[in-house]
Amino acid sequence: MATFDCEVLGYVQYNPDLSYAELIECEDELKEKLADTLNVCGADHIDFFGLDDGLRIQFVLTDYDEGVLHTICDAVVPFFPVQTLARLFAIQKNLEISHLYQFEKGIWKESGIDISSGTCA
């Protein structure tokens, strides 16, 4: 049985000025490129769900490895159109480590979020 130590949730928010046809075209192309790239980077159980003017993303990785997460960010940042804001939230399954990655205007930024058991003490 495979064990996945890292779950990643994401959301792409499209510019509300996009027409419905533009949004559908953008989303179809984005899902195809993301799925291909995530597969190459070792992601599994890749799921996309369109919701209003956004796209929800979910996938898992075998290990919580910041190097792999950075590789994914570098690989996918060119796929997000300028008229989008995208975020990925990676969380280790034991709820000790998490990072938020934000993609905007062709760059990505990272923020570590302390969710360790001592946080609520």
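Remark: Ile115 CD1 to Glu96 CD distance equals 7.5 Å, nearest 0.5 Å. Between Ile97 atom CD1 and Asp114 atom CG the span is 10.0 Å, to the nearest 0.5 Å. Lys31 NZ to Asp47 CG: the interatomic distance, rounded to the nearest 0.5 Å, is 9.5 Å. The CG atom of Leu30 lies 9.0 Å from the CZ atom of Phe79; values are rounded to the nearest 0.5 Å. In this structure, the separation between OG on Ser19 and CD1 on Ile24 is 9.5 Å, given to the nearest 0.5 Å. With rounding to the nearest 0.5 angstrom, the CG atom of Leu61 is 6.0 Å from the CG atom of Leu69.
Pro78 approaches Asp74 most closely through the heavy-atom pair CD-O, 3.6 Å. Between Thr37 and Ala75, the closest heavy-atom pair is CG2-CB, 3.4 Å. A pairwise comparison of heavy atoms in Tyr64 and Ala90 identifies OH-O, 3.5 Å as the closest pair. Contact between Thr71 and Cys41 at its shortest, heavy atoms only, is CG2-SG, 4.3 Å.
Residues Tyr14 and Glu22 fail the side-chain proximity criterion, which asks for heavy atoms closer than 4.5 Å. Residues Asp5 and Gln92 have side chains in contact (heavy-atom distance under 4.5 Å, counting atoms from C-beta outward). With contacts defined as side-chain heavy-atom distances shorter than 4.5 Å, the pair Gln58/Glu7 qualifies. A heavy-atom distance below 4.5 Å is found between the side chains of Ile57 and Val12. Using a 4.5 Å heavy-atom cutoff, the side chains of Ile91 and Leu95 are in contact.
Applying the 6.0 Å contact sphere to CD of Glu25 captures no more than 12 heavy atoms from other residues, nucleotides or ligands. Within 6.0 Å of the CD atom in Glu29, the count of heavy atoms belonging to other residues, nucleotides or ligands does not exceed 12. Around the NZ atom of Lys109, the shell of radius 6.0 Å holds no more than 12 heavy atoms that belong to other residues, nucleotides or ligands. When the shell of 6.0 Å around CD of Glu110 is examined, it contains more than 12 heavy atoms from other residues, nucleotides or ligands.
A continuous path of ILVMFWY side-chain contacts below 4.5 Å connects Val68 to Leu88, so both sit in one hydrophobic cluster. Leu85 and Leu55 fall into different hydrophobic clusters, where Ile, Leu, Val, Met, Phe, Trp and Tyr residues are linked whenever their side-chain heavy atoms come under 4.5 Å apart, directly or through other members. Each of Phe89 and Phe4 belongs to its own hydrophobic cluster when Ile, Leu, Val, Met, Phe, Trp and Tyr are linked at side-chain heavy-atom distances under 4.5 angstrom. The cluster map of Ile, Leu, Val, Met, Phe, Trp and Tyr, joined by side-chain heavy atoms under 4.5 Å apart, puts Ile46 and Tyr101 in the same cluster. In the hydrophobic cluster analysis, where Ile, Leu, Val, Met, Phe, Trp and Tyr join through side-chain heavy atoms closer than 4.5 angstrom, Tyr11 is grouped apart from Val77.
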| said: What verdict does the side-chain contact (heavy atoms from CB on, under 4.5 Å) test give for Val76 and Leu34, after you've listed the backbone C-alpha separation in whole Å, the side-chain angles of each residue and the deciding distance to 0.1 Å? | reply: CA-CA 7 Å; Val76 301; Leu34 286 174; 3.6 Å; yes
| side-chain contact (heavy atoms from CB on, under 4.5 Å) between Leu23 and Asp53: does it pass, once the steps are laid out? | CA-CA 8 Å; Leu23 188 147; Asp53 288 341; 3.6 Å; yes
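Ring pair Phe80/Phe103 is tilted by interplanar angle, where 30° to 60° counts as tilted. Between His70 and Trp108, the ring planes lie tilted relative to each other; the angle falls in the 30° to 60° range.
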